[in-house]
Amino acid sequence: MRRVRVYDSMAREVRDFAPIAPPRVGLFVCGLTPYDEAHIGHARTFVFFDIVARALTRWGYRVFSVQNVTNLDDKVIERAAEIGADPLELAERHFLEWAASAERLGIRTVNYYPHATDYIPEILTQIRSLIDRGFAYASEGSVYYEIAKFPRYGELSGQRTEALRPGARIEVDPAKRAPEDFVIWKAATPGEPSWESPWGPGRPGWHIEDTAITLRLFGPRYDLHGGGLDLIFPHHESEIALAEGATWESPLVNYWMHGGMLTMRGEKMSKSLGNVYALSAALDEFGPMVLRFFYMNAHYRSPLDFARGQSFEEAREAYATLAKPADRIAEILERDGPERPGVDLPDDLANEAEGLIDRLDTTLADDFNTRETIALLFGFSRLLSSRLAELESFHGAALEELRAPYAWAESVLGLFVRTPVGRTGAWATIVPVALAARSRARARGDFAEADRIRDALAAAGILLEDHGSETRWSFGTPK
RNA sequence: GCCGAGGUGGCAGAAUGGUUAAUGCGACGGACUGCAGAUCCGUUUCCUGGGGGUUCGAUUCCCUCCCUCGGCUCCA
């Protein structure tokens, strides 16, 4: 099995990946709190873990991927109250919106989206064992985790509890024994969703839903846990304390993977800062390929800055260049079928295409270096672009060989997925008629008429490209 | 203050103890074209935050300082 290297936030270094029970891999990714629309920052993280799952699958692992949905917490309740909606219905609506966007983005590796409120019995069981073992205590109808009882608290984030600033951003709860203790069962407030428990009616705290879910689905230990860098503390730190306190097994997770933040003009994109760009709007404007390409353009752990009016536009140009030969090959094969006659590949192209696949795998297996992977693909695309006219001369199997690196990228990176709305339907008949009229106009020297036709098509989003007597057309966005 | 991640050309953004530091965008020049924001070719040799140290050699390893971002119990 291929050597895969993964940066582990706990070890703070790149380690060889070795699952607990190969070829099975358990992957848990912290999902959304769907109190509002998902934005392009969220999507960065989830596209990345989609690639992780796709790549591990390609390399022979059987990935079970789970992404939780925090469908009830303070934010959800707060927002629901603002707009007079039911909290759980509000959360479900935004979750379904996210699921639709994820589908458009080509995120199809998540096997299950467990919702926090579907795991109340597991949560209560875990709270009970934490109290029994002395890690948690009930106070004023709530239950708190006592951090002082878990000496390894802080290991993941490097935080020492005595160095924390209690109350830096939220008020200290007087029911706690120590300010750093965190709530795992929150006493019900009238009007909020609540469940009966031995400690009175209430609802789960934030961190415990994940450990209740993973304990149920993966057991006390599993392979990969992912999420944004902003979740390391307190969320993931607390998960370790909860799970290892409840099960007495360690480590909960073998590899902690954290994705860098998407920033907007240097600041983290977040709803609370109000600098968000909604995912669905970005998808409408640029389409899934441009977004995926943009995310892959940086290492997943680096901060990635987004500049409106620039970043996606640049990504669109770059992706168009990259995809050009892939599109031409696909068009020829779609037009003539895989049995089309032609000549063999010249040795240089054949060797390049064949050797590339292994280099792509090797590069990506080095801590998911998507940017280097993309650079390799650019080299290949540039080679093919400079010999675009030659493509028409190759037979079907030869073209399939040239398509192989793009097929690799389609299955692993989710790029080069051609939108089905294309040359079929009404455009397929109308555009050739318009092009024929334009050719006649050009032939008789009536360039004003020819340009009118070109402009009219451009206004409809159809771009023309003259190559001698032949004119190709495509859907594109005029500058 | 503490913890963490970063600082690379006009811009975005990789990599490596060692010939010209990827790749893309942009720009410029050329080809093609009736023209073209479309396509191709070429150029973009003066880019690794400051200062020390280790080394034959540092962008890479070590120390220190400066700056940016994230976290410090809402967060992808």
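Order of the sequence lines fixes the chain letters, A, B, ..., with proteins taken first and strands second; residue numbering starts at 1 for each chain. Worth knowing before you read on, the calculation uses all heavy atoms, side chains too, and leaves out hydrogens, waters and symmetry mates.
- Shown here are the salt bridge (charged side-chain N to carboxylate O under 4.0 Å, His left out) partners of Glu92(A), two or more places apart in sequence or in another chain: there are none.
- Note on Gly41(A): a base of the nucleic acid sits closer than 4.0 angstrom, heavy atoms only.
- Between Phe312(A) and Tyr277(A), the ring-plane angle classifies as tilted under the 30° and 60° cut-offs.
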Give every pair of a protein N or O atom and an N or O atom of nucleotides 59-62 of chain B that lie under 3.5 Å apart, one pair per line with the distance.
none

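- Neither OP1 nor OP2 of U39(B) sits under 4.0 Å from any side-chain N or O of Ser385(A).
- The separation between Arg5(A) atom CZ and A15(B) atom C1' is 15 Å, rounded to whole Å.
- Nucleotides U43(B) and G9(B), compared at atom C1', are 15 Å apart to the nearest Å.
- Using a 4.0 Å cut-off between charged side-chain N and carboxylate O, Asp181(A) and Lys149(A) make no salt bridge.
- Nucleotides C67(B) and G49(B), compared at atom P, are 16 Å apart to the nearest Å.
- For the C1' atoms, the distance linking A14(B) with C56(B) amounts to 28 Å, nearest Å.
- Under the rule for a side chain to side chain contact (heavy atoms under 4.5 Å, CB included), the partners of Glu392(A) that lie at least two apart in sequence or sit in another chain are Arg328(A), Ile332(A), Arg335(A), Arg340(A).
- Side-chain proximity of Lys176(A) to the nucleotides A76(B), C25(B), U73(B) is greatest for U73(B).
- Following rounding to the nearest Å, Leu32(A) (CG) and A76(B) (P) show an atom-to-atom distance of 6 Å.
- Among the atoms of the strands shown, none is found under 4.0 Å from any heavy atom of Gly226(A).
- Using C1' as the reference atom, U44(B) and G24(B) are 14 Å apart when rounded to the nearest Å.
- Comparing the same atom, C1', in C3(B) and in G13(B) gives a spacing of 27 Å after rounding to whole Å.
- Each of C25(B), C74(B), A14(B) was ranked by its minimum atom distance to the side chain of Lys75(A); first place goes to C74(B).
- Among residues two or more places apart in sequence or in another chain, the side chain to side chain contact (heavy atoms under 4.5 Å, CB included) test is passed with Ser194(A) by Ala188(A), Pro201(A).
- Rounded to an integer number of Å, the gap from CE of Met269(A) to P of C74(B) is 22 Å.
- In this entry the distance linking CZ of Phe378(A) with C1' of A14(B) reads 13 Å, nearest Å.
- In this structure, Asn369(A) reaches the A15(B) phosphate: one of its side-chain N or O atoms is under 4.0 Å from OP1 or OP2.
- For Pro303(A), the listed nucleotide lying nearest its side chain is G6(B); candidates were U39(B), G6(B), C74(B).
- Evaluation of the side chain to side chain contact (heavy atoms under 4.5 Å, CB included) rule for Asp367(A) yields Tyr7(A), Val14(A), His299(A), Tyr300(A), Arg301(A) as partners, not counting sequence neighbours.
- At the heavy-atom level, Tyr7(A) lies under 4.0 Å from the strands shown only through sugar-phosphate atoms.
- In this structure, the CD atom of Glu465(A) is 10 Å from the C1' atom of C40(B), given to the nearest Å.
- The pair Asp446(A)-Arg444(A) meets the salt-bridge criterion, since a charged nitrogen lies less than 4.0 angstrom from a carboxylate oxygen.
- Residues that satisfy the ring-ring contact (aromatic ring centres under 6.0 Å, His included) test with His236(A), not counting sequence neighbours, are His225(A), Trp256(A), His258(A).
- Taking the P atoms as reference points, G10(B) lies 10 Å from U45(B), given to the whole Å.
- Relative to the side chain of Leu231(A), the nucleotides A15(B), U23(B), A76(B) differ in distance, and A76(B) lies closest.
- When the side chain to side chain contact (heavy atoms under 4.5 Å, CB included) test is applied to Glu372(A), the partners found at least two apart in sequence or on another chain are Thr363(A), Asn369(A).
- Remark: P of G34(B) and CD of Glu449(A) are 18 Å apart, rounded to the nearest angstrom.
- Residue Asp50(A) contributes atom CG, which lies 18 Å from atom P of A76(B) at whole-angstrom precision.
- Within 4.0 Å of Arg438(A), counting heavy atoms only, lies at least one base atom of the nucleic acid.
- Taking atom CZ of Arg472(A) as the reference point, atom C1' of C32(B) lies 13 Å away to the nearest angstrom.
- In terms of position on RNA chain B, the residue among Arg382(A) and Arg454(A) whose nearest nucleotide sits closer to the 5' end is Arg382(A).
- Contacts of Thr33(A) with the nucleic acid, taken as non-hydrogen atoms under 4.0 Å apart, involve only primed sugar atoms and P, OP1 or OP2.
- C11(B) sits 38 Å from C74(B) when the P atoms are compared, rounded to a whole Å.
- Look at the C1' atom in both C25(B) and G6(B): the space between them is 22 Å, to the nearest Å.
- Seen from the ring of Tyr144(A), Arg177(A) does not count as a face-on cation partner, given the 6.0 Å and 45° thresholds.
- A distance of 6.0 Å or more separates the ring centres of Phe294(A) and Phe286(A).
- Using a 4.0 Å cut-off, no side-chain N or O of Thr263(A) falls inside it from OP1 or OP2 of G70(B).
- Nearer to the 5' terminus of RNA chain B, by closest-nucleotide assignment, is the contact made by Phe293(A) (compared with the other of Phe293(A) and Leu388(A)).
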(request) Encode nucleotides 7-12 of chain B as B, S and - characters from 5' to 3', where the letter depends on protein heavy atoms closer than 4.0 Å: B to the base, S only to sugar-phosphate, - to neither. (result) ----S-
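- In this structure, Phe233(A) does not pack face-to-face on the six-membered ring of G71(B), missing the 5.5 Å centre cutoff or the 30° plane limit.
- Not one side-chain nitrogen or oxygen of Ser9(A) sits closer than 4.0 Å to the OP1 or OP2 atom of G4(B).
- Take Tyr255(A) and apply the ring-ring contact (aromatic ring centres under 6.0 Å, His included) test, not counting sequence neighbours, and it matches Phe17(A).
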Which donor-acceptor pairs under 3.5 Å do side chains of residues 29-37 of chain A form with protein atoms, sequence neighbours excluded?
{"unit_1": "Asp36(A)", "atom_1": "OD2", "unit_2": "Arg79(A)", "atom_2": "NH1", "d": "2.9"}
{"unit_1": "Glu37(A)", "atom_1": "OE2", "unit_2": "Ser280(A)", "atom_2": "OG", "d": "3.1"}

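- Counting only residues at least two apart or on different chains, the side chain to side chain donor-acceptor pair (under 3.5 Å) pairs with a member in residues 44-56 of chain A are Asp50(A)-Arg54(A), Asp50(A)-Thr109(A), Asp50(A)-Arg292(A).
- Of the side-chain N and O atoms in Tyr319(A), none sit less than 4.0 angstrom from OP1 or OP2 of C25(B).
- In this structure, Phe380(A) has its ring center closer than 6.0 angstrom to the ring center of Tyr406(A).
- The nucleotide whose nearest atom lies closest to any side-chain atom of Ile147(A) is, among A76(B), C35(B), U73(B), U73(B).
- Helical stems in RNA chain B, defined as runs of 3 or more consecutive Watson-Crick or G-U wobble pairs with both donor-acceptor distances under 3.5 Å, are listed by first residue as B:1-7 with B:66-72, B:10-12 with B:23-25, B:26-31 with B:39-44, B:49-53 with B:61-65.
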